[in-house]
Amino acid sequence: MTVDSSMSSGYCSLDEELEDCFFTAKTTFFRSVQSKHLSKNVCKSVEETHRPPTLQEIKQKIDSYNSREKNCLGMKLSEDGTYTGFIKVHLKLRRPVTVPAGIRPQSIYDAIKEVNLAATTDKRTSFYLPLDAIKQLHISSTTTVSEVIQGLLKKFMVVDNPQKFALFKRIHKDGQVLFQKLSVADCPLYLRLLAGPDTDVLSFVLKENETGEVEWDAFSIPELQNFLTILEKEEQDKIQQVQKKYNKFRQKLEEALRESQGKPG
């Protein structure tokens, strides 16, 4: 899937262990940093803060990245300093998503023609996406987190509000797996470039946008009804599991009693 990269604005930043650089992007990297106060919190080098990466520096980073990429998924640099490449997003959604009812999956033809199949019906249903599903996206260096989330939802024909979801970066540090929520203006491909192609160093995860208490007002009536149906089914499944477990215990106890009664005292 190719995500539109036209006129995206925002900033991209990495933790200190990945890169000591901060930049502001419009359609290229070549714009001055506008806030010293903000950059002070994400940069180690004062010199790097005032000087965004040059075209040559970006080219060197891309050449280094491509030399380590083993799956023919390298990055391609354009003359204007932007570049394209691939990221993989792991879907770890614990709650069901809302999709159009009775709609076939999107075909390549639909994607090319930008056909919105979700708009062809008002009927909705909910289901759980497979855990640990992975989607590979072809994006631009100017593609923001917000655009990545919208692109993923469109690909799976999810009609839920994009604000219900968030993109996280997952890193390994000191033997622990850490998650950090990305800003909607962050640029995932730049983070991928700085971290390198090794997904053990950095990977992306789509999760629910946890903001504390669930904002039930954000859901429509059909969505809430579908949630109730799913919860009732899960409740019945749990009840059956518990009943089956204790039925086995009862059978074993009864067998033990019969055996003890048949033995001489």
Side-chain angles (χ1 to χ4, degrees), residues 1-5 8 12-23 25 28-29 42 44 48 52-93 105-106 108 111-112 129-156 165-183 186-207:
M1 184 187 74
T2 301
V3 179
D4 184 15
S5 61
S8 300
C12 296
S13 62
L14 272 183
D15 286 342
E16 294 176 347
E17 71 274 6
L18 295 180
E19 183 68 19
D20 56 354
C21 176
F22 171 85
F23 73 91
T28 70
F29 292 111
V42 294
K44 285 183 179 180
E48 285 294 317
T54 65
L55 179 61
Q56 182 61 30
E57 288 170 339
I58 293 297
K59 183 178 183 305
Q60 291 174 354
K61 290 181 181 293
I62 291 177
D63 289 342
S64 175
Y65 181 97
N66 291 342
S67 67
R68 290 176 286 163
E69 170 56 50
K70 305 300 181 183
N71 298 315
C72 300
L73 299 175
M75 298 190 186
K76 184 177 180 181
L77 180 64
S78 301
E79 293 182 356
D80 63 356
T82 61
Y83 51 91
T84 57
F86 296 86
I87 63 169
K88 291 182 179 180
V89 180
H90 297 252
L91 285 82
K92 289 185 175 292
L93 301 177
Q106 188 178 42
I108 296 178
I112 294 175
L129 286 173
L131 289 176
D132 290 331
I134 300 176
K135 185 61 184 175
Q136 185 168 274
L137 303 176
H138 184 244
I139 63 175
S140 164
S141 57
T142 59
T143 302
T144 64
V145 164
S146 177
E147 291 170 325
V148 167
I149 293 175
Q150 293 177 38
L152 284 168
L153 298 183
K154 181 179 179 181
K155 180 63 179 178
F156 288 99
F165 306 91
L167 192 67
F168 291 75
K169 70 174 183 180
R170 179 174 58 189
I171 61 175
H172 293 259
K173 183 177 181 181
D174 300 329
Q176 294 182 327
V177 178
L178 305 177
F179 289 86
Q180 179 181 343
K181 181 180 175 181
L182 297 175
S183 164
D186 283 342
C187 302
L189 193 63
Y190 184 69
L191 304 182
R192 179 81 278 161
L193 175 64
L194 297 185
D198 188 354
T199 54
D200 288 335
V201 176
L202 170 71
S203 58
F204 298 103
V205 180
L206 182 71
K207 302 173 68 176

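The first residue of the sequence shown is numbered 1, and numbering continues consecutively from there. Excluded from the calculations below are hydrogen atoms, water molecules and symmetry mates; all remaining heavy atoms, backbone and side chain alike, are included.
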Quick one: [atom1] on [X] to [atom2] on [Y], what's the gap to the nearest 0.5 Å?
X      : Y      : atom1 : atom2 : result
Ile149 : Leu167 : CD1   : CG    : 5.5 Å
Gln180 : Lys173 : CD    : NZ    : 10.0 Å
Asn66  : Cys72  : CG    : SG    : 10.5 Å
Ile171 : Gln176 : CD1   : CD    : 10.5 Å
Met75  : Thr84  : CE    : OG1   : 9.0 Å
Leu73  : Gln136 : CG    : CD    : 5.0 Å

Run the ring pair (Phe, Tyr, Trp, His ring centres under 6.0 Å) test against Tyr65 and tell me which residues pass, sequence neighbours left out.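 Not a single residue meets the ring pair (Phe, Tyr, Trp, His ring centres under 6.0 Å) criterion with Tyr65.
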
If every non-hydrogen atom of [X] is compared with every non-hydrogen atom of [Y], which pair is closest and at what distance?
X      : Y      : value
Leu77  : Ile58  : CD1-CG2, 4.0 Å
Lys181 : Ala166 : CE-CB, 3.9 Å
Pro188 : Thr143 : CD-O, 3.3 Å
Ser141 : Cys187 : O-CB, 3.5 Å

Side chains of [X] and [Y] in contact at under 4.5 Å (non-hydrogen atoms):
X      : Y      : result
Leu191 : Phe204 : yes
Leu91  : Phe156 : yes
Asp186 : Lys169 : no

Test of understanding: with side-chain contact (heavy atoms from CB on, under 4.5 Å), list the residues that count as partners of Gln56, not counting sequence neighbours.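 Result, side-chain contact (heavy atoms from CB on, under 4.5 Å) vs Gln56: Thr54, Lys59, Gln60.
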
Set of side-chain contact (heavy atoms from CB on, under 4.5 Å) partners for Ser78, sequence neighbours left out: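 So Ser78 forms a side-chain contact (heavy atoms from CB on, under 4.5 Å) with Asp80, Thr82.
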
Once side-chain hydrogen bond (donor to acceptor under 3.5 Å, both in side chains) is applied, do any residues pair with Ser146, and if so which ones, sequence neighbours excluded?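 With sequence neighbours excluded, Ser146 shows a side-chain hydrogen bond (donor to acceptor under 3.5 Å, both in side chains) to Gln150, given in chain and number order.
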
Set of residues satisfying side-chain hydrogen bond (donor to acceptor under 3.5 Å, both in side chains) with respect to Glu69, sequence neighbours excluded: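 Residues passing side-chain hydrogen bond (donor to acceptor under 3.5 Å, both in side chains) with Glu69: none at all.
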
Glu147 side-chain N/O to Thr144 backbone N/O, donor-acceptor pair under 3.5 Å: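 Checked: pair present.
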
Between Phe168 and Phe179, what is the ring plane arrangement, given parallel below 30°, perpendicular above 60°, and tilted in between?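 Plane angle over 60°, so perpendicular.
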
Could you pull out all donor-acceptor pairs under 3.5 Å where a side-chain atom in residues 192-201 meets a protein atom, sequence neighbours excluded?
{"from": "Arg192", "atom 1": "NE", "to": "Gly196", "atom 2": "O", "distance (Å)": "3.0"}
{"from": "Arg192", "atom 1": "NH1", "to": "Leu202", "atom 2": "O", "distance (Å)": "2.8"}
{"from": "Arg192", "atom 1": "NH2", "to": "Gly196", "atom 2": "O", "distance (Å)": "2.8"}
{"from": "Arg192", "atom 1": "NH2", "to": "Asp198", "atom 2": "O", "distance (Å)": "3.2"}
{"from": "Arg192", "atom 1": "NH2", "to": "Leu202", "atom 2": "O", "distance (Å)": "2.9"}
{"from": "Asp198", "atom 1": "OD1", "to": "Asp200", "atom 2": "N", "distance (Å)": "2.9"}

